[in-house]
Amino acid sequence: MLRIQGRVRHRPDGTVNPDLPTGQVEVLAQEIEILNSSETPPFQLDDSHVGEDIRLRYRYIDLRRPIMQERLQLRAKVTRLLRHFLDEQDFLDIETPMLTKATPEGARDYLVPSRTHHGQFFALPQSPQLFKQLLMMSGMERYYQIVRCFRDEDLRADRQPEFTQLDIEMSFIDETVIKNLMETMMRHLFKEVLNVTLPNPFPSMSYDEAMQRYGSDKPDLRVSLELTEVSDLMAEVEFKVFAKPANDPEGRVAALCVPNGKALSRKQIDDYTSFVSIYGAKGLAYIKVNEISAGRKGLQSPILKFLPDDVINAILERTQADSGSIIFFGADKAQVVNEALGALRLKIAEDLNMVESGWKPLWIVDYPMFQWDDKEKRWHSLHHPFTAPNVADIESDPKACLSRAYDMVLNGNEIGGGSIRIHDPEMQSAVFRVLGITTEEAQEKFGFLLDALKHGCPPHGGIAFGLDRLVMLMSGASSIRDVIAFPKTQTASCLLTAAPSPASPAQLRELHIRVRSEKLE
RNA sequence: GGAGCAGUAGCUCAGCUGGUUAGAGUACAGCCCUGUCACGGCUGGGGUCGCGGGUUCGAUCCCCGUCUGCUCCGCCA
């Protein structure tokens, strides 16, 4: 590291280099000071193919690279604009505790042992959800916070154990008010940061429609491929693989027609078959359309012999297949079909270069309030247990009940999720009952919320955005690790600091903790 | 908890059907050149082939286990 004092001057004739940003000038040094020397760096800064483990081990050097500087600058610009926007709209930035109470529902908590309370633990917040609701009860009508959240679950390219959320809550509002405001905020953000004009308004789609058409509750609208419902056509066919799920109320038979997909090789189709098996699909039937006008003779498929002419014609018509198309089929429980074909849709679009460029935001609404967990034999909240239902009676038919939740989806990523909350203590108790949380348990875990609701709670609702994901998308990074200064690896360790690490016996004694050896587990 | 890919020089990688001296580029060090800017030329040092075990006359290569990184499923209300 050098400090050079001198005179900037034009380069002499013949030494100008137009390929360099500074190729016109040079510095005539008058004084040079060595501020600090450096060891040979572990990797070269101009090498863009360095392994991520090396980059993370020497993150302070990795962050010197221009691409990383730009990403963190973009992140700062995003948070600055979001804060500015919300400040202008009279939102109040309020901090909530990091040391708080464990929650029974939801993700695994990070626990922090209490020194002053023998055998008791704090939890790090999975989100400030309940605190922001309490703030609404306190009359803080508009709240926001850019806040760290913690979830002790396994990591992904877009999931870190600690991540940052833009958390927002408002009183005396309904879905329309907050969704409109959040759209305005996002349009402003994209205009200012990327000079991108997002649609006005954002399209909105029901959860049900999204699952039907895209097999996903976060559809990527840059891909025009859609699933086609064919359950009704398959109810009578002899092919049991199709007929059984077609007649199962929980089942589904759907088709995915890929124009120009006929060129796919046997090997590629086999690869797709094993790809969908990841999601539980037992196979991947297909029909290649060689010549649409030739009827059955123009088709090529192992399952053709099981399907009568009228069914085949109906499939071709409904999927709008043409010569050169390939039609894939999923037949199983609806959940398996949706996940398998939904993922296949994106995979094929990527492989065949069918992803449009640009930005496609949308809202997903009308979520089911509850989902039946067959393993645990109980209802789960699809969103969270503080989400308001859109009906007064949720207990007679939980399955049919929709919630007042809304998710913002951008290019196939869930970037924000929120809802109108429950502000009536009786309704909150009813939700706990459906979820199988006893009165005693509800009182123990959420008593403070139920008590607060009794003291006059305004109708309220809010939303939380995944800031890391948003910045990842805006910067074109493929992992949120690339927009976080010091991220963790997939096993949730920090290669830079070598955290986590064992605690000293003295620390453990102070916390009343004894570590069991792994053999005893 | 599960599936897949990867692990060889500081870094990025190659290494054939298992064969005796494990290579390249780059980086690094020394020397030469001195209007160069991805400089150039010469020379040189640098390896626990992730780790442990097995098969074999012989293992970087095959097998088993294990650790680490990445992608994904489960999980993430």
Side-chain angles (χ1 to χ4, degrees), chain A residues 11-28 38-58 61-62 102-110 125-127 129-130 149-163 165 218 271 274-281 335-336 339-340 343 346-347 350 367-371 373 375-376 378-387 403 405 407 414 417-419 421 431-432 434-437 445-446 464 466 469 478-479 481-482 487-495 498:
Chain A
R11 290 186 177 198
D13 287 346
T15 63
V16 169
N17 186 345
D19 296 336
L20 292 179
T22 58
Q24 309 285 322
V25 295
E26 64 184 16
V27 176
L28 181 64
S38 170
E39 289 184 10
T40 305
F43 55 90
Q44 289 157 253
L45 291 183
D46 57 0
D47 186 345
S48 56
H49 289 97
V50 182
E52 199 167 353
D53 45 348
I54 300 289
R55 290 174 52 204
L56 291 178
R57 165 80 181 79
Y58 300 97
I61 293 173
D62 185 45
T103 49
E105 296 278 303
R108 195 178 290 119
D109 287 309
Y110 272 98
Q126 299 180 23
S127 90
Q129 180 61 34
L130 295 179
C149 301
F150 304 86
R151 295 180 189 174
D152 187 4
E153 297 293 347
D154 285 343
L155 290 81
R156 290 282 192 286
D158 63 351
R159 273 165 34 189
Q160 284 272 303
E162 51 177 315
F163 60 98
Q165 199 167 281
K218 46 184 169 98
D271 286 347
S274 62
F275 176 76
V276 295
S277 75
I278 295 170
Y279 302 88
Q335 194 186 338
V336 171
E339 285 175 8
L346 296 178
K347 170 93 172 144
E350 197 178 309
Y367 283 83
M369 183 81 182
F370 303 105
Q371 201 166 41
D373 183 332
K375 265 187 216 143
E376 291 185 33
R378 68 183 198 93
W379 292 102
H380 273 279
S381 293
L382 200 72
H383 202 236
H384 59 54
F386 319 108
T387 300
S403 74
D407 277 9
E414 184 201 321
S419 62
R421 326 296 185 189
V431 168
F432 288 149
V434 172
L435 294 176
I437 299 173
K445 301 292 183 187
F446 301 114
R469 280 186 198 174
S478 51
S479 156
R481 292 187 300 276
D482 277 340
K488 309 253 184 303
T489 68
Q490 198 162 45
T491 52
S493 59
C494 173
L495 296 179

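All values below come from the heavy atoms of this structure, side chains included, with hydrogens, waters and symmetry mates left out. Naming convention: chains lettered A, B, ... in sequence-line order (proteins, then strands); numbering from 1 in each chain.
Pairing for G65(B) is with C51(B), a Watson-Crick or G-U wobble pair whose two hydrogen-bonding atom distances lie under 3.5 Å. Searching all strands for a Watson-Crick or G-U wobble partner of G44(B) with both distances below 3.5 Å returns C28(B). A3(B) is paired with U71(B) under the Watson-Crick or G-U wobble criterion, all donor-acceptor distances under 3.5 Å. For U34(B), there is no paired nucleotide, since no Watson-Crick or G-U wobble pair has both relevant distances below 3.5 Å. Applying the Watson-Crick and G-U wobble criteria (two distances, each under 3.5 Å), U56(B) pairs with nothing in any strand. Remark: U17(B) base-pairs with no nucleotide; criterion is Watson-Crick or G-U wobble with both hydrogen-bond distances under 3.5 Å.
If His380(A) and Val50(A) are placed on RNA chain B by their nearest nucleotide, the residue sitting closer to the 5' end is Val50(A). Between Asp19(A) and Thr40(A), it is Thr40(A) whose nearest contact on RNA chain B lies nearer the 5' terminus.
With both ends at atom P, the span from C13(B) to G19(B) equals 24 Å, rounded to whole Å. Using P as the reference atom, A9(B) and G46(B) are 15 Å apart when rounded to the nearest Å. Separating the P atom of C67(B) from that of U60(B) is a span of 23 Å, rounded to the nearest Å. Nucleotides U34(B) and G23(B) place their P atoms 36 Å apart, quoted to the nearest Å. C11(B) and G54(B): their P atoms are spaced 30 Å apart (whole Å). The separation of G45(B) from G30(B), taken at their C1' atoms, amounts to 10 Å, rounded to a whole angstrom. Nucleotides C62(B) and C16(B) place their C1' atoms 15 Å apart, quoted to the nearest Å. For the P atoms, the distance from G18(B) to C57(B) is 16 Å, rounded to whole Å.
For Arg378(A), the salt bridge (charged side-chain N to carboxylate O under 4.0 Å, His left out) partners at least two apart in sequence or on another chain are Glu105(A), Glu376(A). Applying the side chain to side chain donor-acceptor pair (under 3.5 Å) rule to Glu414(A) yields no partners; only residues at least two apart in sequence or on another chain are considered.
Nucleic acid contact for Ile54(A): sugar-phosphate only, since backbone atoms but no base atoms lie under 4.0 Å from a heavy atom of the residue. No contact: Glu39(A) has no heavy atom under 4.0 Å from any strand. Heavy atoms of Thr15(A) sit under 4.0 angstrom from at least one base atom. Within 4.0 Å of Pro385(A), counting heavy atoms only, lies at least one base atom of the nucleic acid. Heavy atoms of Asp47(A) sit under 4.0 angstrom from primed sugar atoms or phosphate atoms, though from no base atom. The residue Leu20(A) sits close to a base: some heavy atom pair falls under 4.0 Å. Using a 4.0 Å heavy-atom cutoff across all strands shown, Arg108(A) reaches no nucleic acid atom at all.
Distance CZ (Arg159(A)) to C1' (U71(B)): 13 Å, rounded to an integer number of Å. In this entry the distance linking CD of Glu162(A) with C1' of C76(B) reads 16 Å, nearest Å. In this entry the distance linking NE2 of His49(A) with P of A27(B) reads 17 Å, nearest Å. Atom P of nucleotide C75(B) and atom CG of Asp152(A) are separated by 16 Å, given to the nearest angstrom. Taking atom CG of residue Asp271(A) and atom P of nucleotide C5(B), one finds them 12 Å apart after rounding to whole Å. Whole-Å rounding puts the Lys347(A) NZ to G4(B) C1' distance at 12 Å. Atom CG in Asn17(A) sits about 11 Å away from atom P in C39(B), given to the nearest Å. Here U71(B) presents its C1' atom at 16 Å from CG of Leu346(A), a figure rounded to the nearest Å.
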Identify the pairs formed between an N or O of the protein and an N or O of nucleotides 65-70 of chain B at a distance under 3.5 Å, and give each distance.
{"unit_1": "G69(B)", "atom_1": "OP1", "unit_2": "Thr489(A)", "atom_2": "OG1", "d": "2.9"}
{"unit_1": "G69(B)", "atom_1": "OP1", "unit_2": "Thr491(A)", "atom_2": "OG1", "d": "3.2"}
{"unit_1": "G69(B)", "atom_1": "OP1", "unit_2": "Ser493(A)", "atom_2": "OG", "d": "3.3"}
{"unit_1": "G69(B)", "atom_1": "OP2", "unit_2": "Thr491(A)", "atom_2": "OG1", "d": "3.0"}
{"unit_1": "C70(B)", "atom_1": "OP1", "unit_2": "Gln490(A)", "atom_2": "N", "d": "3.4"}
{"unit_1": "C70(B)", "atom_1": "OP2", "unit_2": "Gln490(A)", "atom_2": "N", "d": "2.7"}
{"unit_1": "C70(B)", "atom_1": "O3'", "unit_2": "Arg481(A)", "atom_2": "NH2", "d": "3.0"}

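No side-chain heavy atom of Val431(A) sits less than 4.5 Å from a side-chain heavy atom of Phe386(A). Proximity of Asp53(A) to Thr489(A): side-chain heavy atoms (C-beta onward) are nowhere separated by under 4.5 Å. In this structure, the side chains of Leu435(A) and Pro385(A) come closer than 4.5 Å at one or more pairs of heavy atoms. Side-chain contact between Arg159(A) and Arg151(A) is absent, with no heavy-atom pair separated by less than 4.5 Å. Counting heavy atoms from C-beta on, the side chains of Tyr367(A) and Thr387(A) never come closer than 4.5 Å.
Between Phe446(A) and Phe432(A), the angle of the ring planes stays under 30°, which puts this pair in the parallel group of the 30/60° scheme.
Relative to the side chain of Arg11(A), the nucleotides U12(B), C37(B), G10(B) differ in distance, and C37(B) lies closest. Counting only heavy atoms from C-beta on, Tyr279(A) has its side chain closest to C73(B) among C73(B), C11(B), C76(B). Distances were taken from every side-chain heavy atom of Arg156(A) (C-beta onward) to each of U26(B), C73(B), C76(B); the shortest belongs to C73(B).
Scanning atom types as modelled, no donor and acceptor separated by under 3.5 angstrom connect the side chain of Arg55(A) and the base of C11(B).
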When you look at Leu155(A) and Gln160(A), which way does the side chain to side chain contact (heavy atoms under 4.5 Å, CB included) test go after all the steps? CA-CA 6 Å; Leu155(A) 290 81; Gln160(A) 284 272 303; 3.7 Å; yes
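Contact check on Asp482(A) versus Arg55(A) returns a salt bridge, with a Lys/Arg side-chain nitrogen under 4.0 Å from an Asp/Glu carboxylate oxygen.
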